[in-house]
Student: 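I'd like to ask some things about the structure below.
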Amino acid sequence: MGSKEKILKFGKLKIGGDNPTVVIAEIADSHNGSVQTAKKLIQEAKKAGADVAKFQLHLPDVEMVPGSIKMWDGPLYDILKRNLFLPNTHKVLMDYCEKLGIEYLCTPFCPAAVDILYKLGVKAFKTGSGELTNLPMHRKLATISAKTGKPVIISTGMSTWEEIAETVKVHKEEKSNFMLMNCTSEYPPNDYSHANLGLIPKMRKEFNVWVGQSDHTMDNYTAYAAVTLGAKAIEKHFTLSRKQKGPDHFISLEPDMLKDLVNGVRKIEVALGNKKTISKAERAVRAWAFHSVIADRDISAGDKITLKDVRPARPGQGIPAKYLDKNYSSKFLSKRARRNLPKNTILQWKDIKN
């Protein structure tokens with residue numbers, strides 16, 4: 001596992017390997033149709049430490065049948081129409097992201113939207129879970145990726161394992177640069193067991209690609225856990241305030257919460273080392289916390305040392321206590337004392353005759 005995955009290059013970011021976990025602030029429609037609000041969200045995402053500000057490009061007349069999908073705030077078609085950003089607005093936001101030093105990302109919801117984003121010059125593509133089985137669209141994305149090297153980040157919510165495999169097959173056939181995002185399409189999940197974080201290493205092993213976590217929980221716990229399981233990207237919805245009206249605000253992270261997410265992810269990353277070493281700070285503790293061979297009575301010079309004469313005790317500044325165990329005791333016991341050793345002397349190797 002992990003030997004053949006491609007490092008994905010997304011603008012100035014690298015995804016996979018030992019590179020830092022990419023944190024994606026999913027702004028979606030939390031701008032409520034306001035360019036100024038969108039810019040404020042980009043500012044706050046950057047300030048919080050996110051790597052990516054993500055938007056959505058909707059073409060309601062192309063991607064759905066008008067009036068056919070009812071949501072909690074009315075027909076989805078009407079909601080999207082109210083908050084719609086036209087392609088030229090996305091170009092403004094893309095340029096603004098470039099100015100602030102945060103990568104712009106956008107989700108297309110139909111092949112026509114893919115074409116628009118490609119012409120705008122996006123550096124990567126992100127697909128939602130609802131588009132997973134839209135294989136013609138994925139074929140288009142895979143072809144573009146193979147041609148340009150631009151990565152495709154694929155969410156896998158509300159899908160079967162077989163459906164994920166079918167989409168992966170399309171991308172592998174076209175030799176695209178892609179990764180998967182474990183996802184549960186509940187807003188929010190009503191049970192933490194629905195997060196299924198164990199799918200992160202499972203998908204990586206099965207499909208030999210990098211895997212991230214697109215997370216809809218109300219807090220950051222599952223995102224943190226995902227990093228420990230090898231997630232190379234974390235995506236969370238982002239808003240200026242959960243109190244705003246709209247489809248995503250109440251499940252989105254506010255700026256301080258996003259900052260906590262980024263800080264937590266960065267701390268977890270540096271805590272995931274697997275090389276056992278003794279740090280400088282540990283050596284100071286080791287000096288008093290480990291056990292040495294200690295004289296348990298007054299030992300005279302020339303006496304043969306036995307187990308009755310010594311005991312293991314702190315500090316660890318003398319002959320290590322392991323030399324009282326039968327595996328090592330032949331190197332110490334029955335040796336003679338070079339000098340008088342009063343009770344509670346911390347024995348050193350120079351105190352015994354070889």
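All heavy atoms count here, side chains included; hydrogens, waters and symmetry mates do not.
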Student: Does a salt bridge link Arg297 with Asp309, judged by any charged N lying under 4.0 Å from a carboxylate O?
Tutor: yes
Student: Looking at Arg139 and Glu174, does any basic side-chain N land under 4.0 Å from a carboxylate oxygen?
Tutor: yes
Student: Please determine whether salt bridge (charged side-chain N to carboxylate O under 4.0 Å, His left out) holds for the pair Lys202 and Glu206, giving the CA-CA distance in whole Å, both sets of side-chain angles, and the decisive distance to 0.1 Å.
Tutor: CA-CA 6 Å; Lys202 184 177 179 180; Glu206 176 74 16; over 6 Å; no
Student: So how far is it from Asp29 CG to Asn32 CG, rounded to the nearest 0.5 Å?
Tutor: 8.5 Å
Student: Is there a donor in the side chain of Lys126 and an acceptor in the side chain of Ser155, or the other way round, less than 3.5 Å apart?
Tutor: yes
Student: Taking atom CG of Asp256 as the centre, report whether more than 12 heavy atoms of other residues, nucleotides or ligands fall under 6.0 Å from it.
Tutor: no
Student: Identify whether NZ of Lys or CZ of Arg in Lys123 sits under 6.0 Å from the centre of the six-membered ring of Phe10 and within 45° of that ring's axis.
Tutor: no
Student: Is the NZ or CZ atom of Lys6 positioned over Trp210's six-membered ring, under 6.0 angstrom from the centre and within 45° of the axis?
Tutor: no
Student: I'd like to know whether the aromatic ring centres of His138 and Phe178 sit less than 6.0 Å apart in this structure.
Tutor: no
Student: Identify whether the distance between the nearest side-chain nitrogen and carboxylate oxygen of Lys54 and Glu103 falls below 4.0 Å.
Tutor: no
Student: Could you please spell out the steps behind the ring pair (Phe, Tyr, Trp, His ring centres under 6.0 Å) verdict for His58 and Phe85?
Tutor: CA-CA 8 Å; His58 288 284; Phe85 277 167; over 10 Å; no
Student: Any pair with a residue in residues 15-25 that passes side chain to side chain donor-acceptor pair (under 3.5 Å), sequence neighbours left out, goes on the list, sorted by first then second residue, please.
Tutor: Thr21-Glu269
Student: Between His237 and Tyr187, is any side-chain donor less than 3.5 angstrom from a side-chain acceptor?
Tutor: no
Student: Tell me, please, which residues at least two apart from Thr160 pass side chain to side chain contact (heavy atoms under 4.5 Å, CB included).
Tutor: Glu162, Glu163
Student: Cut-off 3.5 Å, side chains only: do Glu186 and His194 have a donor facing an acceptor?
Tutor: yes
Student: Check this for me: Tyr224, atom OH, are more than 12 non-hydrogen atoms of other residues, nucleotides or ligands nearer than 6.0 Å?
Tutor: yes
Student: Does Lys172 NZ have over 12 foreign heavy atoms under 6.0 Å away?
Tutor: yes
Student: In plain terms, say whether Lys140 and Asp115 are close enough for a salt bridge, that is, a side-chain N and a carboxylate O under 4.0 Å apart.
Tutor: yes
Student: Determine whether Leu135 and Ile144 fall in the same hydrophobic cluster, where Ile, Leu, Val, Met, Phe, Trp and Tyr are linked whenever their side-chain heavy atoms lie under 4.5 Å apart.
Tutor: no
Student: Tell me, yes or no, whether the heavy-atom count around Glu98 atom CD, taken from other residues, nucleotides or ligands under 6.0 Å, exceeds 12.
Tutor: no
Student: Apart from Leu341 itself, what residues make up its hydrophobic cluster, given side-chain heavy atom links below 4.5 Å?
Tutor: Val293, Ile299, Ile305, Leu307, Val310, Ile319, Tyr323, Leu324, Tyr328, Phe332, Leu333, Leu347, Trp349, Ile352
